[in-house]
Amino acid sequence: STMISFESVTKTYPDGTTAVDTLDLAIEAGSFTAFVGPSGCGKTTSMRMINKMITPTGGVVRVDGDDVAGVDPVRLRRGIGYVIQSAGLMPHQRIVDNVATVPVLQGVSRRQARNAAMELLERVGLDASLATRYPAQLSGGQQQRVGVARALAADPAILLMDEPFSAVDPVVREDLQNEMLRLQGELRKTIVFVTHDIDEAVKLADRIAIFGSGGRLHQYDTPERLLAA
Ligand code: ADP
Ligand code: ADP
């Protein structure tokens, strides 16, 4: 079934830049989709229209069948985890609390949320001994693992990741990619990620959307078929 759909979606910024041009795309539940293409082709803008960080100027974005225009953004984002390049952790909270905060805000008891956070941290491959540290005391790759754990803490159906591994060195990146593949095998979330690295897209994704200049979608297919073409 379709989890996310773009129906003739356009985004033109107030300065006249058309970042996304009549995008039609249906993303299956449980798929791992990469948005690839050169800088400025509309990948990030497209992704941010899924969780309403950006509003389209034309067309309809649906999540689980609902036009997001009519869904309260706070409610929408409860079902959509979001991971950014810089991890975006809260500097004055310990690692475990960075992961536990959202569930606590949603009414889970602190003890229960911390227990769940410890399990999630283990799942993303972070050593339990690091859980009481602060973000600045972790490496970039470790922080990125925490970012993924935090995005998963509310058990969202959808996980959005914007260049999640681009700020770390190649060895750590490969490690994170392998971890992500393993995690997706277990969780079967609907994942959409932005990358400018086609090799990363081929390695991780089961569907690749290739954007080009002017914010147009050029191709959308499996990596196997794209490579064979
Ligand atoms: P990508 O993620 O592929 O690098 P973006 O979606 O960030 O592309 O940007 C697409 C285009 O929209 C670019 O030309 C960019 O400069 C422009 N753009 C992005 N955000 C804004 C904004 N807030 N105002 C005006 N133009 C923007
Ligand atoms: P990020 O990596 O978070 O997407 P960017 O450097 O792409 O950060 O953009 C930072 C901010 O500037 C964002 O709010 C984005 O919407 C805005 N922005 C990006 N490109 C443009 C542009 N060409 N004109 C105006 N604002 C832009």
Side-chain angles (χ1 to χ4, degrees), residues 3-27 31-63 67-69 71 73-74 76-77 80-89 140 143-144 147-148 150-151 156 158-170 173 176-177 180 184 189-223 226-227 229:
M3 179 61 96
I4 301 162
S5 61
F6 294 86
E7 298 168 9
S8 214
V9 171
T10 293
K11 174 64 184 183
T12 301
Y13 285 105
D15 68 357
T17 307
T18 294
V20 178
D21 191 354
T22 52
L23 174 63
D24 281 294
L25 183 63
I27 295 173
S31 64
F32 198 156
T33 301
F35 287 180
V36 303
S39 178
C41 66
K43 305 182 297 291
T44 296
T45 301
S46 298
M47 169 173 278
R48 290 181 180 174
M49 288 191 285
I50 298 169
N51 65 357
K52 267 181 102 165
M53 287 171 74
I54 293 176
T55 310
T57 47
V60 172
V61 177
R62 289 183 195 281
V63 170
D67 180 348
V68 298
V71 182
V74 174
L76 180 71
R77 288 172 201 159
I80 305 180
Y82 187 55
V83 181
I84 55 172
Q85 187 179 322
S86 57
L89 303 179
Q143 288 185 36
Q144 212 47 322
V148 173
R150 190 178 56 168
I158 296 171
L159 185 61
L160 307 179
M161 303 194 293
D162 195 345
E163 305 239 11
F165 311 135
S166 65
V168 295
D169 69 64
R173 187 180 314 147
L176 287 171
Q177 289 169 345
M180 206 60 228
Q184 171 63 349
K189 301 275 180 199
T190 305
I191 303 182
V192 179
F193 77 108
V194 164
T195 179
H196 56 259
D197 179 353
I198 186 76
D199 294 328
E200 177 167 275
V202 168
K203 176 172 180 179
L204 295 183
D206 50 39
R207 290 288 184 283
I208 298 181
I210 303 178
F211 290 77
S213 62
R216 281 196 199 83
L217 179 65
H218 282 326
Q219 283 176 295
Y220 175 64
D221 214 331
T222 63
L226 287 171
L227 289 173

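Both counts, for ligands and for their atoms, begin at 1 and track the order of listing.
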- Looking at Cys41, which atoms of ligand 1 are within less than 4.0 Å of one of its heavy atoms? 1 (P), 3 (O), 8 (O)

- Item | Contact check, side chains of Val61 and Lys52, non-hydrogen atoms, under 4.5 Å | no

- Message: With nothing but distance in play, are any N or O atoms of Ala19 less than 3.5 Å from an N or O of ligand 1?
- Response: no

- Item | Residue pair Tyr220 / Asp24, side-chain heavy-atom distance below 4.5 Å | no

- Taking atom CZ of Arg62 as the centre, report whether more than 12 heavy atoms of other residues, nucleotides or ligands fall under 6.0 Å from it. yes

- Message: At less than 4.0 angstrom from any non-hydrogen atom of Ser39, what atoms of ligand 1 do you find?
- Response: 4 (O)

- Is there a heavy atom of Gly37 sitting under 4.0 angstrom from any atom of ligand 1? no

- Message: When you measure from the heavy atoms of Val194 to every atom of ligand 1, does any distance fall below 4.0 Å?
- Response: no

- Task: Could you list the atoms of ligand 1 found under 4.0 angstrom from a heavy atom of Thr45?
- Result: 5 (P), 6 (O), 9 (O)

- Query: Is a side-chain N or O of Thr195 found less than 3.5 angstrom from the main chain of Asp197, in a donor-acceptor match?
  - Reply: yes

- Task: With heavy atoms of Thr17 as the reference, note each atom of ligand 1 found under 4.0 Å away.
- Result: 12 (O), 14 (O), 17 (C)

- Query: If only atom types and distance count, is the side chain of Thr33 paired as donor or acceptor with the main-chain N or O of Val192 below 3.5 Å?
  - Reply: no

- With side chains defined as the heavy atoms from C-beta onward, is the minimum distance between Val63 and Val71 less than 4.5 Å? no

